[in-house]
Every structure is written in C-alpha cells, then in structure tokens.
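Lettering follows sequence order; numbering is per chain, from 1.
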Protein chains: 2
Amino acid sequence: MTGPAKKRTPRQRDPERTRAQLLDAALHEFADHGFHGARVDRITRAVGCNPRLLYHYFGSKEKLYIAALEHIFADIRAQERELDLDRQEPVQAMRRLVEFTFDFFDGNPLFVKLTRNENLLEGRFIAQIAAIRTSSQPLLEAIGAIMARGQAQGVFGHRYDPLQIYVTIVALSAHHLNNGHTLSAIFGIDLLSQDWRSARRAHTVDLVMNALSRGDSSQG
Amino acid sequence: MTGPAKKRTPRQRDPERTRAQLLDAALHEFADHGFHGARVDRITRAVGCNPRLLYHYFGSKEKLYIAALEHIFADIRAQERELDLDRQEPVQAMRRLVEFTFDFFDGNPLFVKLTRNENLLEGRFIAQIAAIRTSSQPLLEAIGAIMARGQAQGVFGHRYDPLQIYVTIVALSAHHLNNGHTLSAIFGIDLLSQDWRSARRAHTVDLVMNALSRGDSSQG
DNA sequence: ATGTTAATTCATAAAATACTTACTTAGGCG
DNA sequence: CGCCTAAGTAAGTATTTTATGAATTAACAT
C-alpha cells in the first residue's frame with residue numbers, strides 16, 4: 001500500500017523513454033542533416049534534456065548514429081517477413097513484392113535519407129552492424145524461387161539474376177526519392193508530389209512485370 | 001646577386017591555374033565528404049595555397065560549393081548535346097541514349113556523389129544555378145520524339161510518359177552507384193565491382209528496350 | 001530511514017573550423 | 001623607374017561543437 005507514493009511525474013526518472021526519445025530525435029537529425037551536419041546539441045534540445053545524457057546512454061555521436069542506423073534497418077526486416085511470398089502464384093507474388101517495396105520507400109523517408117547518408121560515408125558504419133547481411137538473404141532466395149516457379153509454369157520468360165531484379169525494383173521505387181530535389185529542379189516538375197509518385201508506382205509495377213513476363217501476354 | 005633571379009617557381013602568380021586547382025580540389029572534397037563534412041582547410045592544403053586565397057577567389061564555402069556544382073553540371077550538358085538522337089532509327093536511338101546515360105554515370109563518380117549530396121541538402125543550392133532547367137528540356141523532347149516515331153513505325157508499343165522513361169533509365173543506371181555501399185553490405189556482393197557493373201549495363205539496356213518494344217519481337 | 005546505485009544537471013574544457021586583418025610581393029603600364 | 005592593382009602569405013580570432021568531471025537528485029532494496 002504505497003498509497004500516494006504513486007504520484008511519480010511521468011517525465012521524471014524514465015530512462016527507457018528518454019533513451020527512446022533521444023534515438024528518435026537522432027533519427028530525424030541524422031536524416032535531415034547527415035552525419036556531419038547533425039548537431040548533438042540540436043538532438044538534446046529536441047528532447048529537452050541535457051547533452052550529458054546523450055553520452056550517458058550512447059557514448060558518442062558515432063555510436064548514436066550507428067544505433068539509429070540499426071534501428072531503422074530493423075524495421076524493414078520486420079515488414080519484409082510478413083510478405084509471405086512463397087504461398088502465392090508467381091505473377092501475384094512478384095507484383096506484391098514490387099508494390100510492397102515501392103510503398104515501403106514511399107512511406108519511409110527516414111529510411112531513404114539515412115541510407116543516402118550512409119552511402120555518402122561509403123558505408124563506413126553499416127558494416128559494423130552485425131546480422132545485417134543475414135537478414136536479406138531470404139529475400140533473394142524468395143525472389144529466385146518465384147522466378148523459377150514462374151518459368152516452370154510458363155508465365156515468366158528468360159530468367160534474370162535475382163539480385164539484378166531486386167536492385168531494379170529498388171531502383172525504380174527509390175531513385176526519384178533519392179534524387180527528387182535535383183531532378184525536380186532540372187526538369188521543373190515536382191517528382192515528390194503525390195500525383196507524380198502515384199504515376200511512378202504504376203510505371204514501376206508495369207515495367208517489372210513486363211520484364212519478367214513472356215512478352216506475348218499483356219499488350220493492349 | 002640577381003643572377004638566378006629567373007628562378008620564378010612555376011606556382012607563383014598564376015591566378016587562373018590557382019583558381020582551377022581550388023575548384024578541382026573542392027569538387028573532390030565536396031564529393032567525398034558532402035557539404036558539411038568538407039573542410040576548407042583540406043581544400044587549400046590539397047592545392048598547397050593559403051586559406052585566404054580561397055576566399056579571395058570564391059568568397060565563401062557556400063559559393064565555392066555552388067561553383068563546383070555548376071561546373072560538374074556543365075559537363076553533362078556538353079556531352080548530351082553530342083548524342084544526335086533525332087537522326088537515328090527509334091530503336092537504335094533509344095538504345096544509344098540508355099548506353100550513354102549508363103556510361104555517363106558509371107564514368108563520373110564525382111557527378112554521382114555531388115548530386116547525392118545536393119539531394120541530402122534538399123536541393124538548396126541547385127535552384128540557385130541559372131539555366132539548369134533549360135538545358136535538360138531538349139532531352140525530354142528528344143525522348144518524346146523517339147517514342148512517337150517508334151510508335152508510328154510499329155516498333156514501340158504503348159507510349160509512356162517521356163519523363164517516366166528518363167527517370168527509369170537514370171534509376172536503372174545509377175541506383176547501384178548511389179546505394180552501392182549499403183546494398184553491398186546487405187547482400188554481401190560488391191555491386192561496385194567492374195563485373196557487376198558490366199552485368200548491370202546489359203540488364204539496364206535489356207529492360208528499357210523490352211519495356212518500349214511491342215513485346216512480340218525479342219523473346220529467345 | 002538509510003545507504004547504494006542509477007539518472008540527471010551544471011559548468012566548462014578542449015578542439016575544430018570558417019573566416020579576417022594586416023601585410024608582402026609580382027608584374028603590367030605610363 | 002615608380003605607381004598601382006591583383007596575387008599571395010603569415011598569423012590570427014571569434015565561434016561553434018563535441019565531449020567530460022564532478023556535484024545533485026531520485027529510486028529502491030534492505
């Protein structure tokens with residue numbers, strides 16, 4: 001019976017929450033400014049805590065960055081696992097993968113931005129994250145399996161390298177997000193508008209399905 | 001002792017050369033580290049000149065960055081103009097455009113890197129470069145013309161939006177360069193190796209031509 | 001209640017970093 | 001020759017930014 005002792009103010013003494021808030025703020029800061037442009041100070045101010053805390057929980061700016069990177073990559077793994085591609089017909093499975101991939105990038109600007117920055121750094125930190133490789137191997141195998149089944153059934157034509165196909169899907173899904181600002185400036189059309197992105201989605205699905213299909217099926 | 005007075009070291013008093021060296025060093029520095037990560041000090045040390053000179057010629061780090069961006073974008077314009085797409089048969093013209101685009105990105109890592117960083121900055125500076133929009137309009141028109149001719153001749157099928165097609169070409173050509181480090185780390189395969197890039201080239205040409213063609217022509 | 005440990009704050013050290021002020025020298029031109 | 005401007009140098013400085021050392025406060029088991 002601790003009766004009135006229960007009155008703990010919610011913000012006080014909540015390490016997990018503080019840590020989570022710091023990580024979330026870091027995610028946004030690194031996404032918006034890159035590793036070098038990110039300011040530790042801005043992160044702590046966004047959370048409303050002391051700079052000292054950041055070092056208490058994460059040790060350094062680098063380690064915080066790595067934690068953020070790891071966190072965001074864990075997300076895509078989780079979502080990919082729900083896809084359940086093996087139980088569907090090849091054509092439908094492939095269409096579903098393409099749509100999922102497109103929508104994932106479209107709906108996760110943080111992922112897109114952090115990945116871009118990590119590539120600017122030549123992948124210096126992603127290599128330090130264990131279990132990043134193992135997570136995506138099943139995906140490649142799933143793609144290979146879909147293609148093999150499709151070929152056996154005669155609905156798919158020439159068999160491409162699964163990795164090429166996956167890179168193609170990602171490329172078509174994400175390039176306009178990765179390079180939206182320069183492309184928009186160059187062509188005077190907003191590639192990041194909802195309209196353009198919707199059109200891009202249809203185009204992406206179209207292209208991939210067209211590439212895999214036998215070629216004598218779909219022409220209108 | 002004015003005898004050896006002729007000993008003017010070649011680096012002295014050569015403004016054009018110094019300026020060009022600064023710009024070139026800046027190009028590499030900004031490409032390798034991004035705007036925020038770039039160090040003015042490193043640039044001047046690479047040239048072997050005094051920091052003051054950089055400000056003498058360019059005014060500020062920002063203006064130097066803009067100058068570098070402008071410089072690298074001037075390159076692609078010049079090369080694009082040589083393509084001469086209107087005089088070739090549609091299929092060949094399109095193939096040539098795809099190959100050129102692929103090879104351009106493949107051979108210009110500086111362009112790829114600077115573009116990536118400019119997108120990280122949300123295109124803050126590219127908008128300030130006049131005449132960047134006008135330069136790429138002819139390209140879109142050329143693509144539209146090729147597609148119209150191809151359709152009229154019956155060698156191309158359904159007509160896509162030229163901008164979608166161009167973004168597709170660029171996406172397939174550049175995504176593995178833009179995201180090579182993360183993709184390589186994830187899949188455990190070096191996407192930046194010469195072998196993989198060669199395979200990617202064939203794949204890119206294949207996909208684009210396949211997308212445009214009527215679909216009943218090429219299947220082996 | 002009390003001693004221990006973890007969480008938090010304060011104050012600031014220490015290192016980079018973009019940019020300047022003040023000066024020197026080179027070389028074209030009358 | 002001697003002036004004048006542009007090119008170049010030497011040596012800062014003001015400011016920002018990462019990172020800590022030590023004091024303070026809350027939580028919790030005993």
Atom [atom1] of [X] to atom [atom2] of [N]: distance rounded to whole Å?
X	N	atom1	atom2	result
A:Arg17	C:dA7	CZ	P	16 Å
B:Arg19	D:dA6	CZ	P	16 Å
B:His36	C:dA18	NE2	C1'	14 Å
B:Gln21	D:dG8	CD	C1'	14 Å
A:Asp41	C:dT12	CG	P	17 Å
B:Leu64	C:dC19	CG	P	10 Å
B:Tyr65	C:dC19	OH	C1'	20 Å

- Using 30° and 60° as the class limits, which term best fits the ring planes of B:Phe30 and B:Tyr65: parallel, tilted or perpendicular?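 Ring orientation of B:Phe30 relative to B:Tyr65: perpendicular.
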- Message: Does C:dA16 have OP1 or OP2 under 4.0 Å away from a side-chain N or O of B:Arg39?
- Response: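 Checking C:dA16 against B:Arg39, no side-chain N or O comes under 4.0 Å of OP1 or OP2.
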- Query: Between A:Trp196 and B:Val167, which heavy-atom pair has the shortest distance, and what is it?
  - Reply: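 Between these two residues, the closest heavy atoms are CH2-CG2, 3.9 Å.
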- Item | B:Ala211 to B:Tyr160 - nearest heavy-atom pair and separation |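 Nearest pair, atom of B:Ala211 first, then B:Tyr160: O-CE1, 3.6 Å.
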- For residues 128-147 of chain A, pull every pair meeting ring-ring contact (aromatic ring centres under 6.0 Å, His included), keeping only residues two or more places apart or in separate chains.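 Non-adjacent pairs meeting ring-ring contact (aromatic ring centres under 6.0 Å, His included): zero.
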- Query: Considering residues at least two apart in sequence or located in another chain, which fulfil the salt bridge (Lys or Arg N to Asp or Glu O under 4.0 Å) criterion with A:Arg116?
  - Reply: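 Not a single residue meets the salt bridge (Lys or Arg N to Asp or Glu O under 4.0 Å) criterion with A:Arg116.
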- Message: Could you check whether B:Arg39 and B:Thr44, counting side-chain N and O atoms only, form a donor-acceptor pair closer than 3.5 Å?
- Response: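 The answer is no; no qualifying pair exists.
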- Sorted by number, the residues of residues 50-62 of chain A with heavy-atom contact under 4.0 Å to DNA chain C: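 Here the set is A:Asn50, A:Arg52, A:Leu53, A:His56, A:Tyr57.
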